[in-house]
Amino acid sequence: MRAIDPTEPGGPEVLTVVERPTPHPRAGEVLIRVVAAGVNRPDVLQRTGGYPPPPGAPSIPGLEVAGQVVAVGDDADAHLVGQSVCALLAGGGYADYAVVSAGQCLPVPDGLSMVEAAALPETLFTVWTNLFERGYAAEGDSVLVHGGTSGIGTMAILLGKLFGLDVIVTVGSDAKAKAALELGAAHAINYRTEDFVERVAEITGGEGVSVVLDMVGGDYVPRNLKCLGEDGRHVSIAVQGGASATVPLWDIMRRRLTLTGSTLRPRDAAFKEMVADELSRTVWPHVEGGRLRPIIDRTFQLEEAADAHRRMEAGDHVGKIVLTLQ
């Protein structure tokens, strides 16, 4: 099969198409003929050598795909063969075929394109488990989300609309602020021209937000804590600005703040299957009803994977970047 599988870390130019053996589904797994694959920030980190695949995962990058099930392993439902699904992967998405636990697949409903389906799993699983489960965001809460026009940010806005949250986002330009507001963000703060701590205080009347979903880390963390109200929750999902932070412990104690976070990729199949089951009950009806659609920035052919990574690294995208394989 065709695949993107660099043998050495490097720039986007290492993302060339090579031939690799087609994988075989093991017990409980399905083999998916990939039609589209989402491009995510961890793919870029893996390409540069900063985020190696977890043990047992393919060296081929790609954390989400959509396509047709063409074979199943032992103990997997044979009726899945021929069905269109999207799935969260630990790796292997940048290829003609990918294997994954059957429990990590969700059906692609009528009216949802394969490109849209491929753009859902990684951000949906991430935002749901961190904003709603670890952050306990509930109807009526105000939340602060950094990177408001990224795949994660746009998904947080869309889910926030569906579940009654006031989503405040930070973005890097006035054009991105406009885009975020058009998607449904309650407020969009241009961090290049405004102090987001001051603006959050203004927006919330000094009460702060219930949850901060942070992908920056570093010196953003103490600033984020200033944005939280009492009993607020700070959820870290990436450390693009640094993996260490100095935090005011007394203030955390006084205001009963919670600092938590998670990484999704290394979690085992049982956890991901549990999340998929929860999403199938709570969120997938909105997908099936046409009320939740991912924001697609641009698509690239598999052979153009290098250009897809260049666009992500440039930071100009709004929504998801997707590779198409057919």
Side-chain angles (χ1 to χ4, degrees), residues 38-41 115-116 119-120 122-128 130-132 135 137-205 207-217 220 223-224 226-229 232-238 240-241 283 286-287 290-299 311-322:
V39 176
N40 295 283
R41 183 68 59 176
V115 167
E116 290 174 316
L120 279 172
E122 199 273 341
T123 55
L124 184 54
F125 276 66
T126 298
V127 173
W128 184 260
N130 287 286
L131 184 58
F132 291 89
E139 185 176 0
D141 282 348
S142 293
V143 302
L144 173 64
V145 179
H146 293 298
T149 53
S150 66
I152 294 290
T154 54
M155 179 57 69
I157 292 170
L158 298 175
L159 285 179
K161 286 173 58 179
L162 287 174
F163 291 93
L165 307 180
D166 288 326
V167 181
I168 304 167
V169 301
T170 63
V171 295
S173 70
D174 290 342
K176 287 187 174 184
K178 182 175 183 291
L181 293 172
E182 290 173 349
L183 292 178
H187 301 274
I189 303 166
N190 182 345
Y191 65 82
R192 298 186 189 277
T193 59
E194 301 177 282
D195 185 313
F196 72 80
V197 177
E198 293 179 359
R199 286 288 292 123
V200 168
E202 293 172 2
I203 291 166
T204 63
E207 293 188 0
V209 297
S210 299
V211 187
V212 174
L213 185 65
D214 179 53
M215 61 184 71
V216 182
Y220 260 49
R223 298 173 69 193
N224 291 337
K226 292 180 180 179
C227 296
L228 285 172
R233 287 84 66 193
H234 183 283
V235 187
S236 297
I237 60 171
Q240 294 175 18
V283 177
H286 294 289
V287 178
R291 296 180 295 276
L292 178 61
R293 290 287 186 270
I295 306 305
I296 305 300
D297 175 79
R298 189 174 297 182
T299 62
R311 179 154 182 81
M312 173 157 283
E313 290 180 293
D316 296 328
H317 59 290
V318 175
K320 292 299 296 281
I321 299 168
V322 179

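Here the structure is a predicted model, which is why all the values come from computation and not from measurement.
- A donor-acceptor distance shorter than 3.5 angstrom exists from the side chain of Asp297 to the backbone of Val318, with no hydrogens or angles considered.
- Minimum interatomic distance between Ala180 and Val169 (heavy atoms only, all atoms of both residues): CB-CG2, 3.8 Å.
- Note that CD1 of Ile152 and CD1 of Ile237 are 4.5 Å apart. Values are rounded to the nearest 0.5 Å.
- Counting heavy-atom neighbours within 6.0 Å of Glu207 CD, excluding the residue itself, gives a total of 12 or less.
- Annotation: salt bridge (charged side-chain N to carboxylate O under 4.0 Å, His left out) contacts involving residues 140-154, sequence neighbours excluded, comprise Asp141-Arg233.
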Test side-chain contact (heavy atoms from CB on, under 4.5 Å) applied to Phe163 and Val283, step by step: CA-CA 10 Å; Phe163 291 93; Val283 177; 4.2 Å; yes

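- In terms of heavy atoms, Val145 sits closest to Gly153 at CG1-CA, 4.2 Å.
- The list of side-chain hydrogen bond (donor to acceptor under 3.5 Å, both in side chains) pairs with a residue in residues 159-172, not counting sequence neighbours, reads His146-Thr170.
- Screening Ile168, Leu144, Ile203 for a side-chain contact (heavy atoms from CB on, under 4.5 Å) with Cys227, the sole residue that qualifies is Leu144.
- Contact annotation: the side chain of Thr149 never approaches that of Ile295 to less than 4.5 Å [non-hydrogen atoms, C-beta and beyond].
- Residue Leu213 forms a side-chain contact (heavy atoms from CB on, under 4.5 Å) with just one option from Asn224, Val167, Thr126, Val235, and that option is Val235.
- Across all their heavy atoms, Arg223 and Val197 have their closest contact at O-CG2, 3.5 Å.
- Between the side chain of Lys320 and the main chain of Ala119, a donor-acceptor pair closer than 3.5 Å is present.
- Geometrically, Arg199 does not engage Phe196 in a cation-pi contact, judged by NZ or CZ lying under 6.0 Å from the ring centre and within 45° of the ring axis.
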